[in-house]
Amino acid sequence: MIPNPTASDTKSSLDAMPRPLTPEEITQLEKQGCISRAWDTVLISPSLNLSNIRNVYFKENVLLDEGATVTNVPGGIHNCRIGKNAVVENVARIDFEPEAPCGIGISICALDETGSRPVIAYPGLSSQIATLMAREPKWLSRNLQAYINEFLESKATPPEIGDGAVVRDCGRLLNVSIGAGCTVEGATSLVNGSIINNAASGRPFTYVGYGVDAENFIIEDGKVDSGTILRNCYVGQGVELEKGFTAHDSLFFANCSFENGEACALLAGPYSVSMHKGTLMIGCQTSFMNAGSSTNQSNHMYKLGPVHWGILERGVKTSSGAYIMFGAKIGAFSMIMGAHKTHPDSSSFPFSYLFGDERGATVVVPGAMLRSCGLLRDEKKWPTRDRRLKRKLPLLDNVTFNVLNPFTVDSMLKAIDTITGLLSHPTDDDFYVRYRGMKFTRAALERAKTLYTTAIFKYLSITLPDLTIPPSDGKEAGEWVDLGGQIIPREVLDQILETESIADAQQLLDETFSKYEEYEKAWIARRLGEWWRNHEDLIASGAKQFDQLVEDDREEYLDNLSRETKILSL
C-alpha cells in the first residue's frame, strides 16, 4: 500500500518538479551567453543554480536537473535531459533524434562478416548469450525473433546525460545515452550508442577518453581510450581498448585488453588479449587468448568473400608473426607458431605446440604445453585480475577459470584413444604420422600419452579430495562445451537451445554455473572407466609427477634466465 503523503510531502514533491523558465531566468541565461529559439521547451529543476549554465545553445526539449553544470555547447542541445550533478563542458553538440535507439539492438556481424551470424547487442549482454547467437544462429531466428523487439524495448536507455556523469572537451554526441556516473572526455565523435555504468556508487569503471571515434556501439562497464575507433561493437565489463585500436563488428567480454592492432568480426571471450601493432584478429572466437605481435588470420580465400571463420579454443597463444588460414579450430591452451594454411583442426589435441612448416602444413607436438610453468600461473592470475570484482559490478559473464575441467579433460581422454590408434600405423616416408591434415612424430605421440595421463591424474587429485572415483549412476557421460568462457554440459546447451527467451536462457546458464561442481562430480563418475578405477592408487603419484614436470620447467626457465642476465650484465 502506498502511504498518503502529508501536505508538506506534497509541497516538497511539487517544488522538485521541473518547470519552465521564467522571463527573468531567460534574461539571466541570455546574459550568460545562452541562446534558444524555443525557451518554452527548456525545463529546469527549481533548485538549479543558473550561474552554472553558460554559453549554451538550447535547441528544444531540454531538461536541466538540480546541480547540473553546462558550459560551452555551441552546436546545441536537443531532446536531452542533463542529470543531477552532471557536468557538461566544451562539447560541440548533443543531439537526440526522436525515438533514437542509442545503439540498442545493433546487429554485429561476428565470425562471418556477411551477416549470417548476427549478434543482437543490448545492455546486459553476456559472453554466453552472444556465443549462442553467433554459433547457433537458428536459435535467434527460430526461437527469439518474435520476442526480440519487445525484449530490446525493455532494455532501452534514455536520451540523457545521466546523474553525476561528466562530459567534457568532446566533439559531436549524436544519439548517445550516457549513464549515471560515466565519464566521457576528449572523444572526437560518438554516434548511436549507449555508455553504461553498473558499478557500485563511487566505483565507476566506464570511461570514454581522448580521440575516441565510435558509431553503433554499446560500452558497458568498459574503458575505451586514446584514439580507439569502433564501428558496430559491444564493449563489456572490465574491458580496456586503447592506443589507437580499431574494431568493427566485434564483441569484447570480461577483462579483455586490446591495444594498437585491429579486430574484424571478432568474438572475444573473457580475458582475450592483444597488445601489438600489426596484429589483426579477424573472423574468430577466442577466450583466455594472448596474441603475439603481427598475429594474423585470413577469413576468405578470394572466392566467395569473407565467409570463413575459426575457433581458437580457450587459452590459445600465438607467437610473433603467427598466421592461420580459416576455417580452422585450434585446441585449448595450445601455442601457435609460424604459418598454417591447411585449415587444421587440432581440437582433439589440447595443450599442444603447433608449428607451421615451410609449406604451411601444421606439425603438432601434442600435450607439450602441459609441462609449462606458465600454464598454472595463468590460472592463478586470472581471478586476481578480474577488474569487475574491484568495482563491485553485477557480473554479466560467467567465467570458469579452471584450466583442467571436464571440457579439456574429455579432450585429453579422447586424445589418448586417438594416439593409441595412430601409433598402430607406420609412419609415412618423411617419418611423420598424418591425421586430419596435421603431422606428428611417433616420439611426440608417445610422449603425449604420458603427459595427458599425468594431467588427468592431476585433475582427479584436485577434484576428488579422497582420491576415489565415485560410483557411476549408470548414465552415459555426455560431452561438455566451452560457451564463451563458461564450461557447461552439452545436455544443458541442448535445453538452452529450446528456450524462447533470453531471460530463460540466461537463467539456465546461471543455474548451471552455480552447480558446476555438482555437474562435474557426476561427469567424473560416468566418464572415468575401468582402467582409471583400477589405477586409483596412482592418482596421488601421477599428480606428483605432473607437479614435478612443471617444477622442472620452472627451474629450467629460471636457469636460462639467469644465464641470459649474466650475458647482458655490464
Side-chain angles (χ1 to χ4, degrees), residues 103 108 110 119 121-131 157 165 178-185 187 193-209 212 214 217-226 228 230 233-243 245 247 250-261 263 266-275 281 285-291 314-315 377-403 482-487 506 509-510 513:
I108 299 174
V119 176
Y122 58 87
L125 177 66
S126 70
S127 177
Q128 286 70 49
I129 296 296
T131 301
T157 53
I178 300 175
C182 296
T183 297
V184 180
E185 54 185 356
S194 287
I195 302 170
I196 301 166
N197 165 46
N198 295 312
S201 179
R203 292 174 174 258
F205 184 76
T206 308
Y207 178 82
V208 178
V212 172
F217 66 92
I218 297 175
I219 299 170
E220 186 164 16
D221 303 314
K223 175 183 177 182
V224 180
D225 198 8
S226 55
T228 296
L230 302 178
C233 289
Y234 175 86
V235 180
Q237 295 186 309
V239 173
E240 294 185 341
L241 309 180
E242 53 189 342
K243 296 183 176 66
F245 181 73
S250 297
L251 303 102
F252 307 88
F253 293 99
N255 301 304
C256 286
S257 295
F258 283 78
E259 301 177 2
N260 295 305
L266 173 65
L267 179 50
Y271 292 88
S272 297
V273 176
S274 174
M275 312 295 284
M281 301 297 297
Q285 180 180 358
T286 66
S287 62
F288 301 96
M289 191 261 184
N290 196 316
R314 60 169 42 209
R377 170 183 169 271
D378 286 346
E379 183 182 56
K380 293 176 181 178
K381 78 181 182 184
W382 287 321
T384 65
R385 297 183 180 181
D386 194 336
R387 291 185 281 262
R388 303 172 302 166
L389 301 180
K390 297 174 183 177
R391 303 288 176 161
K392 295 187 177 180
L393 291 169
L395 305 185
L396 300 178
D397 304 323
N398 295 329
V399 183
T400 307
F401 291 106
N402 309 48
V403 169
D482 187 347
L483 191 66
Q486 179 181 353
I487 306 297
Q506 190 63 57
L509 287 163
D510 294 342
F513 187 66

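Just so it is clear, the structure is predicted and the values come from calculations on it, not from any experiment. Side chains included, hydrogens not; waters and symmetry mates left out as well; all remaining heavy atoms used.
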Subject >> Exam field: side chain Asn260 to backbone Met275, donor-acceptor pair closer than 3.5 Å >> reply: yes
Subject >> salt bridge (charged side-chain N to carboxylate O under 4.0 Å, His left out): pairs with one or both residues in residues 251-260, sequence neighbours excluded >> reply: Lys243-Glu259
Original post:
Does Leu241 reach the side chain of Leu230, with side-chain heavy atoms less than 4.5 Å apart?
Top reply: yes
**OP:** Could you list the residues that satisfy side chain to side chain contact (heavy atoms under 4.5 Å, CB included) with Ser272, not counting sequence neighbours?
**Re:** Cys256, Phe258, Ala268, Thr286, Met289
**OP:** Can you sort out the partners of Thr183 under side-chain hydrogen bond (donor to acceptor under 3.5 Å, both in side chains), two or more places apart, ordered by chain and number?
**Re:** none
Subject >> Exercise: identify the closest heavy-atom pair between Ala254 and Asp397 >> reply: N-OD2, 3.0 Å
**OP:** Would you please name every residue forming a side chain to side chain contact (heavy atoms under 4.5 Å, CB included) with Leu393, sequence neighbours left out?
**Re:** Asn198, Ala199, Asp221, Gln237, Arg388, Arg391
Original post:
Side chain of Ser127, backbone of Gly484: donor and acceptor closer than 3.5 Å?
Top reply: yes
Original post:
So, for Gly124 and Leu396, which heavy atoms are closest and what is the spacing to 0.1 Å?
Top reply: CA-CD1, 3.7 Å
**OP:** May I ask you to decide if Leu266's main-chain N or O and Ser250's side chain share a donor-acceptor pair within less than 3.5 Å?
**Re:** yes
Original post:
Between Val224 and Phe245, is a side chain to side chain contact (heavy atoms under 4.5 Å, CB included) present by the stated rule, with each step listed?
Top reply: CA-CA 9 Å; Val224 180; Phe245 181 73; over 6 Å; no
Subject >> Considering all heavy atoms, the nearest Cys182-Thr206 contact >> reply: SG-CG2, 3.8 Å
Subject >> Listed partners of Asp225 passing side chain to side chain contact (heavy atoms under 4.5 Å, CB included), at least two apart >> reply: Tyr207, Lys223, Glu242
Subject >> For the student: nearest non-hydrogen atoms of Phe252 and Ala263, plus distance >> reply: CZ-CB, 4.3 Å
**OP:** List the atom of Pro204, the atom of Asn197, and the distance in Å for their closest heavy-atom pair.
**Re:** CA-OD1, 3.6 Å
Original post:
What pairs with Asp510 under side-chain hydrogen bond (donor to acceptor under 3.5 Å, both in side chains), at least two apart in sequence or on another chain?
Top reply: Asn398, Gln506
Subject >> For Lys390, all residues meeting salt bridge (Lys or Arg N to Asp or Glu O under 4.0 Å), sequence neighbours excluded >> reply: none
**OP:** Evaluate side chain to side chain contact (heavy atoms under 4.5 Å, CB included) for Leu389 paired with Leu395, printing each intermediate quantity in order.
**Re:** CA-CA 8 Å; Leu389 301 180; Leu395 305 185; 4.0 Å; yes
Subject >> Rounded distance [0.5 Å steps], CD in Glu220 versus CZ in Phe253 >> reply: 10.0 Å
**OP:** Taking the side chain as every heavy atom from C-beta outward, state whether Tyr234 and Tyr122 have any pair of such atoms under 4.5 Å apart.
**Re:** no
**OP:** May I ask you to decide if Asp386's main-chain N or O and Asn255's side chain share a donor-acceptor pair within less than 3.5 Å?
**Re:** no
Original post:
Would you say Gln285's side chain and Thr131's backbone share a donor-acceptor pair under 3.5 angstrom?
Top reply: no
Original post:
Is there a donor-acceptor pair closer than 3.5 Å between any side-chain N or O of Arg314 and the backbone N or O of Gly485?
Top reply: yes
Subject >> side chain to side chain contact (heavy atoms under 4.5 Å, CB included) involving Ala165 - partner list, sequence neighbours excluded >> reply: Ile161, Ile178
**OP:** Apply the test side chain to side chain contact (heavy atoms under 4.5 Å, CB included) to residues Ser257 and Arg385: give CA-CA distance (whole Å), side-chain angles for both, the deciding distance (0.1 Å), then the verdict.
**Re:** CA-CA 12 Å; Ser257 295; Arg385 297 183 180 181; over 6 Å; no
Subject >> Ser274 side chain vs Ala291 backbone, donor-acceptor pair below 3.5 Å >> reply: no
Original post:
With Phe288, which residues qualify under ring pair (Phe, Tyr, Trp, His ring centres under 6.0 Å), at least two apart?
Top reply: Tyr271, Trp382
Original post:
Can you list the residues that meet the salt bridge (Lys or Arg N to Asp or Glu O under 4.0 Å) rule with Lys392, with sequence neighbours excluded?
Top reply: none
**OP:** Could you walk me through whether Asp378 and Val403 pass side chain to side chain contact (heavy atoms under 4.5 Å, CB included), step by step?
**Re:** CA-CA 9 Å; Asp378 286 346; Val403 169; 5.9 Å; no
Subject >> With Ser194 via side-chain hydrogen bond (donor to acceptor under 3.5 Å, both in side chains) - residues at least two apart >> reply: Thr157
Original post:
If you take all heavy atoms of Ile195 and Phe217, which pair is closest and at what distance?
Top reply: CG1-CE1, 3.8 Å
**OP:** For the residue pair Leu509 and Gln486, establish whether any side-chain heavy-atom pair is separated by less than 4.5 Å.
**Re:** yes
